[in-house]
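Worksheet: one structure, shown below.
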Amino acid sequence: MTHQLTYPQLAAFCQDHNYQRFELRTIMFDMDGVLFNSMPNHARAWHRAMAFYGLDLPEDEAYLHEGRTGFGTINIVTQRQLGRAADHTECDKIYQKKSEFFNEYPTAERMPGAYETVKAVKESGVTPIIVTGSGTVSLLERIEQNFPSLFHHEWMVAARDVKYGKPNPEPYLMGMQKAGQLKPYQTMVVENAPLGVEAGVAAGCFVIAVNTGPLPDSVLLDQGANLLFHSMTELSENIVGIIHEANSL
Ligand code: CA
């Protein structure tokens with residue numbers, strides 16, 4: 001390699017996995033906290049619902065559990081505070097209250113820089129797809145309004161498609177499968193949450209972390225994120241360079 005690499009993490013990833021270079025076909029985007037700025041509402045709703053039932057989950061901590069099932073999150077709090085597992089009835093109550101509070105908030109805005117990033121991916125000849133644990137019925141409509149004609153919806157992975165969810169690699173493996181049995185060197189993952197990064201890494205993928213919340217960068221890097229940016233705007237300024245360098249190693 002004679003020329004200077006701007007993103008040496010790409011070459012390091014290929015070397016670690018014995019790939020010659022990337023042959024990028026898709027980039028898989030997580031949704032909450034990446035494409036939409038919905039995490040502050042989720043964190044606030046979690047905190048309020050727990051408090052309503054006498055439990056304490058600080059808003060900042062809610063970001064650590066992003067992507068976990070409702071049951072999993074509630075269980076962590078009851079174990080810590082009450083020394084016991086959560087039962088299904090209380091989980092249903094707390095989760096329903098969380099949804100009520102969440103639905104009181106205005107719909108989250110598109111994340112600044114997200115449109116520019118996805119558009120640049122598509123214009124580079126790489127297909128952007130969404131891999132999310134979210135499963136609202138109006139999901140497709142909302143994506144189309146905010147990212148018109150950019151995403152390949154047939155290859156989208158949502159809550160209904162998966163059994164385990166993140167941090168299990170299943171959602172990303174399923175995205176790769178839907179997009180045509182892709183290998184890890186034919187795709188990349190864009191994630192904001194520690195459990196999401198863990199899922200992407202476990203799927204064997206190069207993971208770009210975008211730290212759009214209050215957690216320290218180390219939380220995402222410790223899960224194995226290969227590159228880290230602090231906003232989708234910063235990623236939008238780098239994504240074309242990343243794709244070009246990845247494909248021309
Ligand atoms: Ca997320």
_R110 (side chain) donor-acceptor with N146 (main chain) under 3.5 angstrom_ = yes
*Under 3.5 Å donor-acceptor, D92 side chain and Q96 backbone*: no
*Y164 atom OH, neighbour heavy-atom count above 12 within 6.0 Å*: no
*Is the backbone of G165 close enough, under 3.5 Å, to the side chain of E170 for a donor and an acceptor to pair up by distance?*
yes
*asked:* Run the side chain to side chain contact (heavy atoms under 4.5 Å, CB included) test against T212 and tell me which residues pass, sequence neighbours left out.
replied: M111, N192, V210
*Measure across L235 and I242 and return the closest heavy-atom pair with its distance rounded to 0.1 Å.*
CD1-CD1, 4.2 Å
Per-pair distances, 0.1 Å, donor-acceptor, side chain in residues 151-158, under 3.5 Å, sequence neighbours excluded:
from : atom 1 : to   : atom 2 : distance (Å)
H153 : NE2    : E144 : OE1    : 2.6
W155 : NE1    : K178 : O      : 3.2

*Verify side chain to side chain contact (heavy atoms under 4.5 Å, CB included) between E104 and E100, making sure each step is shown before the conclusion.*
CA-CA 6 Å; E104 283 176 11; E100 268 175 47; 5.5 Å; no
*N168 side chain to A199 main-chain N or O, any donor-acceptor pair under 3.5 Å?*
no
_Interatomic distance, S38 atom OG to R142 atom CZ [nearest 0.5 angstrom]_ = 6.5 Å
*asked:* Does atom CD (Q145) have a neighbourhood of more than 12 heavy atoms from anything else shown, all under 6.0 Å?
replied: yes
*Shortest non-hydrogen contact from V197 toward A225*: CG1-N, 3.6 Å
*Closest heavy-atom pair and its distance - M28, C205*: CE-SG, 4.0 Å
*Within a strict 4.5 Å, meaning less than it, do heavy atoms of the M174 and V162 side chains meet?*
yes
_Within the 4.5 Å heavy-atom criterion, are M188 and N226 side-chain neighbours or not?_
no
_Cluster link Y63 to V219, ILVMFWY, side chain under 4.5 Å_ = yes
_R48 and E59 ion-paired at < 4.0 Å_ = no
*So how far is it from I74 CD1 to R68 CZ, rounded to the nearest 0.5 Å?*
12.0 Å
*Any sub-3.5 Å donor-acceptor pair from N75's side-chain atoms to F71's backbone N or O?*
no
*So does K166 pair up with E66, basic N to acidic O under 4.0 Å?*
no
*Side chain of N211, backbone of H230: donor and acceptor closer than 3.5 Å?*
no
_Please verify the inter-ring angle class for H17 with Y19; under 30° counts as parallel, over 60° as perpendicular, anything in between as tilted._
parallel
*Starting from the C-alpha separation in whole Å, work towards a yes-or-no answer on side chain to side chain contact (heavy atoms under 4.5 Å, CB included) for L215 and L64.*
CA-CA 8 Å; L215 299 174; L64 271 181; 3.9 Å; yes
*Same apolar cluster (I L V M F W Y, side chains within < 4.5 Å links), V201/F206*: no
*Is any side-chain heavy atom of I27 less than 4.5 Å from a side-chain heavy atom of I239?*
yes
*Can you tell if the side chain of L220 reaches within under 4.5 Å of the side chain of L228, non-hydrogen atoms only?*
yes
*Output, in order, the C-alpha distance, side-chain angles, deciding distance and verdict of side chain to side chain donor-acceptor pair (under 3.5 Å) for E90 and Y95.*
CA-CA 8 Å; E90 74 187 328; Y95 195 72; over 6 Å; no
*Between T26 and A179, what is the shortest heavy-atom contact and its length?*
CG2-CB, 3.8 Å
*Does the S236 side chain pair with the main chain of E116, one donor and one acceptor, at a distance under 3.5 Å?*
no
*Decide yes or no on ring pair (Phe, Tyr, Trp, His ring centres under 6.0 Å) for H47 and F101, but give the supporting numbers first.*
CA-CA 10 Å; H47 173 72; F101 286 139; over 10 Å; no
*Look up atom CD in Q186 and atom OG1 in T127, then write down how far apart they are to the nearest 0.5 Å.*
11.5 Å
*Less than 4.5 Å apart, any side-chain heavy atom of L55 and any of L82?*
yes
*Ignoring hydrogens and angles, tell me if any N or O in the side chain of T187 forms a donor-acceptor pair with the backbone of K183 under 3.5 Å.*
no
*asked:* Under 6.0 Å from the ring centre and within 45 degrees of the ring axis: does the NZ or CZ of R44 meet both conditions for the six-membered ring of Y105?
replied: yes
*How about F36 and E109: do any of their side-chain heavy atoms sit closer than 4.5 Å?*
no
*Intermediate values then yes/no, side chain to side chain contact (heavy atoms under 4.5 Å, CB included), C14 and F22*: CA-CA 8 Å; C14 286; F22 287 84; 3.6 Å; yes
*Under a 4.0 Å N-O cut-off, is there an ion pair linking E61 with R80?*
yes
*Quick one: closest heavy-atom pair of A203 and M176, and the distance?*
O-CE, 4.2 Å
_Please verify the inter-ring angle class for H42 with F102; under 30° counts as parallel, over 60° as perpendicular, anything in between as tilted._
parallel
_For the OH atom of Y53 and the SG atom of C91, what is their distance to the nearest 0.5 Å?_
11.5 Å
*In the single-linkage hydrophobic clustering (I, L, V, M, F, W, Y; side-chain heavy atoms under 4.5 Å), do Y172 and L24 co-cluster?*
no
_Common cluster, V190/V121, ILVMFWY with side-chain heavy-atom separation under 4.5 Å_ = yes
*asked:* Minimum heavy-atom separation for P148 and Y115, please, with both atom names.
replied: CD-CE1, 4.2 Å
For residues 6-13, please give each side-chain donor-acceptor pair under 3.5 Å, one per line with the distance, not counting sequence neighbours.
from : atom 1 : to   : atom 2 : distance (Å)
Y7   : OH     : N238 : O      : 3.4
Y7   : OH     : N238 : OD1    : 2.8

_Backbone N/O of V126 and side chain of S124: donor-acceptor pair under 3.5 Å_ = no
*Connected via hydrophobic side-chain network under 4.5 Å: V189 and V131*: yes
*asked:* So N247 and I243, do their side chains get closer than 4.5 Å, heavy atoms only?
replied: yes
*Can you find a pair of side-chain heavy atoms, one from D30 and one from I130, that are under 4.5 Å apart?*
no
*asked:* Has T117 got a side-chain atom pairing as donor or acceptor with M232's backbone, closer than 3.5 angstrom?
replied: yes
*Enter the distance from N103:CG to N41:CG here, rounded to the nearest 0.5 Å.*
10.0 Å
*Could you walk me through whether M50 and V77 pass the side chain to side chain contact (heavy atoms under 4.5 Å, CB included) test, one step at a time?*
CA-CA 9 Å; M50 293 284 193; V77 176; 3.8 Å; yes
*Please round to the nearest 0.5 Å and tell me the distance separating atom CG of D32 and atom CD of E191.*
10.0 Å
